[in-house]
> 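First the structure, then my questions, so here it is.
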Amino acid sequence: MHKDVERIFASEEEIAAVVRKLGAEITRDYAGKTPVFVGILKGCFIFMADLIRASQVPCTLDFMSVSSYGDGAVSTGAVKIEKDLSVNIEGRDVIIVEDILDSGNTLNYLVKYMGERKPASIRIVTLMDKPERRAVPITADYVGFSIPDAFVVGYGLDYQQRYRNLPYIGILKPEIYS
Ligand code: PRP
C-alpha cells in the first residue's frame, strides 16, 4: 500500500466486480442501441477503459474536459469547458462517464449542456457517489460505490494530480491534504 494511503477503500478485485455489474446493467439497458460514452477527463479514464470492455454493446466514445471557475477554494458551480465534444450527439443515446459525483455542479452543467444538443437520451454512470456532499439535486443512473465524505485517490482519481495510477481506491491520510 502507498505510504500516503490510510486504508484501501476498494481493492482491484472489488473494483473489477463493481465494473462488471455496471457493464452488465448497461448491456441489458442498451440492447439494440449504440450509445456514445462521453468520459469527463481526467479522472474517468481508467474506469471508462474498463467499463466499455465490460459493456457488451456496440458503442462509440468521446471525451470532454471541464474545470470549475474560480480559485478552487469554494466551488461557484460555474464550469469552464477545456475540451468540448468532438462528435455530434444529436439523436444519440449518451452515457456520461464520471469517476466521482460530489457537489453535482459539474454534472448539473454537463447534462444541461449536452441536453441542448438534442440527444435521444442522457444517462450518467459514476464509479463513486458522495450523496451527502450534494449541492444541486442530481442523481446518477448507475453508481458503483456510494461512499462517505472521505478523500479518495487511485484508479484515476487524484490529489494535486498524483496517485491516479494506484490500482486500488485508497483513502488518503488527512495529513497529506490538511
Ligand atoms: C472531479 C470529478 C468530477 C467533479 C465532481 O473532477 O471527475 O468531474 O470533480 O465534482 P462535483 O460533483 O463537485 O462537480 P476534478 O475537477 O477533480 O478533475 P479531474 O477529473 O481532472 O481529476
Side-chain angles (χ1 to χ4, degrees), residues 1-26 37-55 61-83 95-110 123-178:
M1 192 167 78
H2 193 288
K3 65 175 174 42
D4 297 346
V5 169
E6 187 168 76
R7 68 180 177 86
I8 292 178
F9 174 78
S11 67
E12 287 185 71
E13 293 76 18
E14 288 164 336
I15 297 168
V18 161
V19 173
R20 268 199 303 277
K21 181 181 78 90
L22 293 173
E25 289 174 14
I26 287 170
F37 289 87
V38 179
I40 311 305
L41 296 168
K42 309 183 181 95
C44 75
F45 79 112
I46 296 178
F47 173 49
M48 180 141 153
D50 286 343
L51 181 68
I52 61 168
R53 285 178 289 178
S55 304
L61 307 182
D62 201 4
F63 295 93
M64 285 185 73
S65 180
V66 296
S67 62
S68 300
Y69 275 112
D71 58 16
V74 179
S75 172
T76 58
V79 170
K80 179 180 172 204
I81 295 178
E82 309 276 3
K83 184 224 166 292
I95 304 175
I96 303 177
V97 183
E98 267 287 21
D99 54 329
I100 191 159
L101 173 50
D102 191 339
S103 72
N105 286 325
T106 305
L107 278 170
N108 189 46
Y109 174 86
L110 287 172
R123 284 189 184 155
I124 297 166
V125 53
T126 188
L127 179 63
M128 281 176 280
D129 185 12
K130 283 184 179 176
E132 69 190 66
R133 292 263 307 164
R134 204 75 88 248
V136 289
I138 190 146
T139 53
D141 301 280
Y142 307 95
V143 175
F145 300 97
S146 191
I147 68 170
D149 186 17
F151 210 122
V152 283
V153 293
Y155 195 69
L157 285 98
D158 74 307
Y159 172 64
Q160 294 186 339
Q161 300 302 326
R162 294 181 56 206
Y163 311 106
R164 292 193 198 272
N165 60 331
L166 297 179
Y168 50 82
I169 299 166
I171 295 178
L172 206 56
K173 288 179 179 168
E175 61 259 38
I176 303 299
Y177 57 86
S178 54

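Remember, it's a predicted structure, so these values are computed and weren't measured experimentally.
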> So, taking the atom named OG in Ser65 and the one named NZ in Lys80, what distance separates them when rounded to the nearest 0.5 Å?
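One gets 10.0 Å once the value is rounded to the nearest 0.5 Å.
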> Between Leu127 and Ile100, is there a side-chain heavy-atom distance shorter than 4.5 Å?
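Heavy-atom side-chain distance check fails, nothing below 4.5 Å.
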> Out of Ile138, Leu110, Ile95, which residue meets the side-chain contact (heavy atoms from CB on, under 4.5 Å) rule with Ile124?
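With Ile124 as partner, Ile138, Leu110, Ile95 yield a single side-chain contact (heavy atoms from CB on, under 4.5 Å), made by Ile138.
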> Roughly how far apart are Asp50 CG and Ile15 CD1, rounded to 0.5 Å?
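With rounding to 0.5 Å, CG (Asp50) is 8.5 Å from CD1 (Ile15).
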> Output, in order, the C-alpha distance, side-chain angles, deciding distance and verdict of salt bridge (charged side-chain N to carboxylate O under 4.0 Å, His left out) for Arg133 and Asp102.
CA-CA 6 Å; Arg133 292 263 307 164; Asp102 191 339; 2.6 Å; yes
> Is any side-chain heavy atom of Asp4 closer than 4.5 Å to one of Leu172?
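Result yes, sub-4.5 Å side-chain heavy-atom pair found.
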> Centre-to-centre under 6.0 Å for Tyr168 and Tyr155, is that the case here?
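For Tyr168 and Tyr155, the ring centres are not under 6.0 Å apart.
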> Do you know the tightest heavy-atom contact between Val143 and Lys21?
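In this case the closest contact between Val143 and Lys21 is O-NZ, 4.2 Å.
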> Taking the side chain as every heavy atom from C-beta outward, state whether Ile8 and Ile169 have any atom pair closer than 4.5 Å.
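They are not in side-chain contact.
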> Going by heavy atoms in the side chains, are Gln161 and Lys42 under 4.5 Å from each other?
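Result yes, sub-4.5 Å side-chain heavy-atom pair found.
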> Between Val97 and Phe37, is the side-chain contact (heavy atoms from CB on, under 4.5 Å) condition met? List the steps.
CA-CA 7 Å; Val97 183; Phe37 289 87; 3.8 Å; yes
> Which atom pair, heavy atoms only, marks the closest approach of Asp149 to Lys130?
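So the minimum-distance heavy-atom pair works out to OD1-NZ, 3.5 Å.
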> Is the shortest side-chain heavy-atom distance between Pro174 and Phe151 below 4.5 Å?
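A side-chain contact under 4.5 Å is absent here.
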> Test Asp129 against Arg134 for salt bridge (charged side-chain N to carboxylate O under 4.0 Å, His left out), laying out the working first.
CA-CA 9 Å; Asp129 185 12; Arg134 204 75 88 248; 2.7 Å; yes
> Heavy-atom distance under 4.5 Å between the side chains of Leu51 and Val125, does that happen here?
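Yes, close enough: below the 4.5 Å cut-off.
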> Given the rule in the ring-ring contact (aromatic ring centres under 6.0 Å, His included) test, do Phe9 and Phe145 qualify, once you have shown the distances and angles that lead to the verdict?
CA-CA 10 Å; Phe9 174 78; Phe145 300 97; 5.6 Å; yes
> Looking at every heavy atom in both Ile40 and Ile96, which two are closest together, and how far apart are they?
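Heavy atoms of Ile40 and Ile96 come nearest at CG1-CG2, 3.7 Å.
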> Taking side chain as C-beta onward, heavy atoms only, is His2 less than 4.5 Å from Arg162?
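In contact.
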> What closest approach, in Å, do Pro148 and Glu132 show between heavy atoms, and which atom pair accounts for it?
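The pair with the smallest heavy-atom distance is CA-OE1, 4.1 Å.
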> Taking all non-hydrogen atoms of both residues, which atom of Met48 and which atom of Asp62 are closest, and how far apart?
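So the minimum-distance heavy-atom pair works out to CE-O, 3.7 Å.
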> What distance do Thr126 atom OG1 and Asp141 atom CG have between them, rounded to the nearest 0.5 Å?
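Taking OG1 in Thr126 and CG in Asp141, the distance rounds to 11.0 Å.
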> Could you tell me the separation between the OG atom of Ser67 and the CG atom of Leu41, rounded to the nearest 0.5 Å?
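Ser67 OG to Leu41 CG: 12.0 Å, rounded to 0.5 Å.
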> Looking at OG of Ser146 and CE of Met128, how far apart are the two atoms once the value is rounded to the nearest 0.5 Å?
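Answer for the OG-CE pair, Ser146 versus Met128, is 11.0 Å.
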> State, to 0.1 Å, how close Ile52 and Ala49 come at their nearest heavy-atom pair, and which atoms those are.
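So the minimum-distance heavy-atom pair works out to CG1-O, 3.6 Å.
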> Heavy-atom distance under 4.5 Å between the side chains of Met64 and Lys83, does that happen here?
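Sidechains of Lys83 and Met64: no contact.
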> Rounded at 0.5 Å granularity, tell me how far CZ in Arg123 sits from OH in Tyr142.
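Reported value, rounded in 0.5 Å steps: 4.0 Å.
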